[in-house]
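Reckoned from all heavy atoms, side chains included, excluding hydrogens, waters and symmetry mates. In this text the structure is predicted, and so the values were computed from the model without any measurement.
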Amino acid sequence: MANHVIEVQKYGQSIWYDNIRRGLITSGDLAKMVNEEGLLGVTSNPAIFTKAITGSPDYDQPIKALVAQGGGTAMDIYEKLAIEDIQMACDVLYPVYVRTNRIDGYVSFEVSPYLANDSEGTIKEARRLHKAIGRENVLIKIPATPAGVPAIKTAISEGISVNVTLLFSTDAYEKVAEAYMAGLEEYAKKGGDVSKVASVASFFISRIDSLIDDKIAGPNQLLDNEKNSAKRDKLKSLVGKIAIANAKIAYARYRELYGSDRWKALAARKAMPQRLLWASTSTKNP
């Protein structure tokens, strides 16, 4: 049977796993996915860690031990456990990072969502987490909010690799691509090695369709109010199609941006393009 995770690599695509749990790592299952099944990266977020910690016994003993040692607040304990998981996952993926010359092999860890509207707080958190995790192949996840974009630029300018998350529009994507290039240019001016800085721009897919499909076909929405049969047919043809169309437009813009003279100057210094990561790809509509 064909392994689709490996097959897509022929097209320059890499499958990353949007999930993490301590048992997945300690059992050797993650290593198997990487070494035998073609997995090339891992991403995480606070919701994934919530599900892992509350939905499995993997963390019961470590939590009891930390509490007994006076491990601090619930947030302190969560962060200690999560960072340990990220470090272990980074170690599993490190051979991929080396083999692909830093293109793949990354594990992402997100800054606190409570900082989404706080630029200074976000960059302080990014610096702290990057240092605490202490792995070359970690990506610090920062949301593409208006406050997040300047933090992304600052992080890149300090040599911190970033997974930009929560991208829904091409306008937002362009701001993020600009922040990445500007950050690399700043880092290069300081004498930094831009070849060792990586970034992905996580562009969300299925959530767009969830929103638009509801506007088209939901209760008392466009279809209900449209009497013209030709227009109704046109509206029906758009259901489930908008997100992929949006992604194609973003990818076309990516091709333009990374074909520009500005980028060529950075590429001459061996800078890596900020790859588009197609996020939220699980089907929301059964």
Side-chain angles (χ1 to χ4, degrees), residues 4-5 8 11-19 43-51 108 110-119 122 141-152 162-180 199-260 273-286:
H4 299 305
V5 177
V8 298
Y11 306 99
Q13 302 295 305
S14 305
I15 300 296
W16 290 10
Y17 190 41
D18 192 30
N19 192 25
T43 59
S44 71
N45 60 46
I48 286 170
F49 272 111
T50 297
K51 186 177 178 183
S108 299
E110 192 162 346
V111 298
S112 169
Y114 296 114
L115 297 170
N117 298 313
D118 180 352
S119 294
T122 296
K141 221 173 184 185
I142 299 175
T145 57
V149 172
I152 291 159
V162 175
N163 176 342
V164 181
T165 190
L166 296 176
L167 280 166
F168 299 94
S169 74
T170 49
D171 287 347
Y173 166 63
E174 288 192 31
K175 289 181 177 123
V176 163
E178 160 64 29
Y180 179 59
S199 184
V200 295
S202 295
F203 199 89
F204 281 54
I205 307 295
S206 61
R207 293 180 191 279
I208 299 291
D209 276 342
S210 296
L211 179 71
I212 302 301
D213 289 358
D214 188 56
K215 288 183 181 296
I216 294 172
N220 199 33
Q221 294 295 343
L222 295 174
L223 268 177
D224 284 349
N225 298 318
E226 183 55 67
K227 305 304 178 193
N228 182 294
S229 61
K231 287 184 178 178
R232 282 181 62 82
D233 288 344
K234 183 64 176 173
L235 281 168
K236 286 178 184 176
S237 75
L238 296 176
V239 173
K241 301 286 179 64
I242 301 299
I244 296 295
N246 195 41
K248 286 179 177 179
I249 292 166
Y251 185 67
R253 189 67 185 119
Y254 161 85
R255 295 285 297 271
E256 290 170 7
L257 289 166
Y258 289 93
S260 67
Q274 181 187 54
R275 299 168 82 194
L276 273 163
L277 183 153
W278 307 118
S280 186
T281 52
S282 61
T283 304
K284 301 296 186 285
N285 182 337

Acceptor/donor pairs from residues 44-51 side chains to any protein atom, 3.5 angstrom cut, sequence neighbours excluded:
residue	atom	partner	partner atom	Å
S44	OG	S108	O	2.6
N45	OD1	A47	N	2.9
N45	OD1	I48	N	2.8
T50	OG1	P46	O	2.9

Using atom types as modelled and distance alone, determine if a side-chain donor or acceptor of [X] lies under 3.5 Å from a backbone N or O of [Y].
{"X": "T122", "Y": "L115", "value": "yes"}
{"X": "D224", "Y": "P219", "value": "no"}
{"X": "S199", "Y": "V162", "value": "yes"}
{"X": "T165", "Y": "I142", "value": "no"}
{"X": "K227", "Y": "N225", "value": "no"}

| said: Could you go through S202 and N163, starting from their C-alpha distance and side-chain angles, then the distance that decides it, and tell me whether this counts as side-chain hydrogen bond (donor to acceptor under 3.5 Å, both in side chains)? | reply: CA-CA 7 Å; S202 295; N163 176 342; 2.8 Å; yes

| task | Answer yes or no: is there a side-chain heavy-atom contact under 4.5 Å between L235 and E226? | result |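 A side-chain contact exists here, since the closest heavy-atom pair is under 4.5 Å.
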
| message | My understanding is that only residues two or more places apart in sequence, or in another chain, count here; which of them pass salt bridge (charged side-chain N to carboxylate O under 4.0 Å, His left out) with R275? | response |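 Counting only residues at least two positions away or on another chain, R275 forms a salt bridge (charged side-chain N to carboxylate O under 4.0 Å, His left out) with D104.
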
| query | Would you call R253-E256 a salt bridge at under 4.0 Å N-O? | reply |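 Looking at E256 together with R253, the answer is yes, because their closest N to O distance falls below 4.0 Å.
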
| request: Would you please test Y173 and L257 for side chain to side chain contact (heavy atoms under 4.5 Å, CB included) and show each step? | output: CA-CA 11 Å; Y173 166 63; L257 289 166; 3.9 Å; yes

Please report the shortest heavy-atom distance between [X] and [Y], naming the atom on each side.
{"X": "W16", "Y": "T43", "value": "CE3-CG2, 3.9 Å"}
{"X": "I208", "Y": "A243", "value": "CB-CB, 3.9 Å"}
{"X": "A144", "Y": "V176", "value": "CB-CG2, 3.8 Å"}

| message | Below 30° counts as parallel, above 60° as perpendicular, anything between as tilted: where do the rings of Y254 and Y258 land? | response |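 Judged by the thresholds at 30° and 60°, the geometry between Y254 and Y258 is tilted.
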
| query | About how many Å separate OG of S206 and CG of L211, when rounded to the nearest 0.5 Å? | reply |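 These two atoms lie 11.5 Å from each other.
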
| request: State the CD1-CD distance between I216 and Q221, to the nearest 0.5 angstrom. | output: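 Result: 10.0 Å between the selected atoms.
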
| Between K231 and S229, is a side-chain hydrogen bond (donor to acceptor under 3.5 Å, both in side chains) present by the stated rule, with each step listed? | CA-CA 5 Å; K231 287 184 178 178; S229 61; over 6 Å; no

| Inter- and intrachain pairs under ring pair (Phe, Tyr, Trp, His ring centres under 6.0 Å), touching residues 204-231, at least two apart |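 Every ring pair (Phe, Tyr, Trp, His ring centres under 6.0 Å) pair that includes a residue of residues 204-231, provided the two are not neighbours, is F168-F204.
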
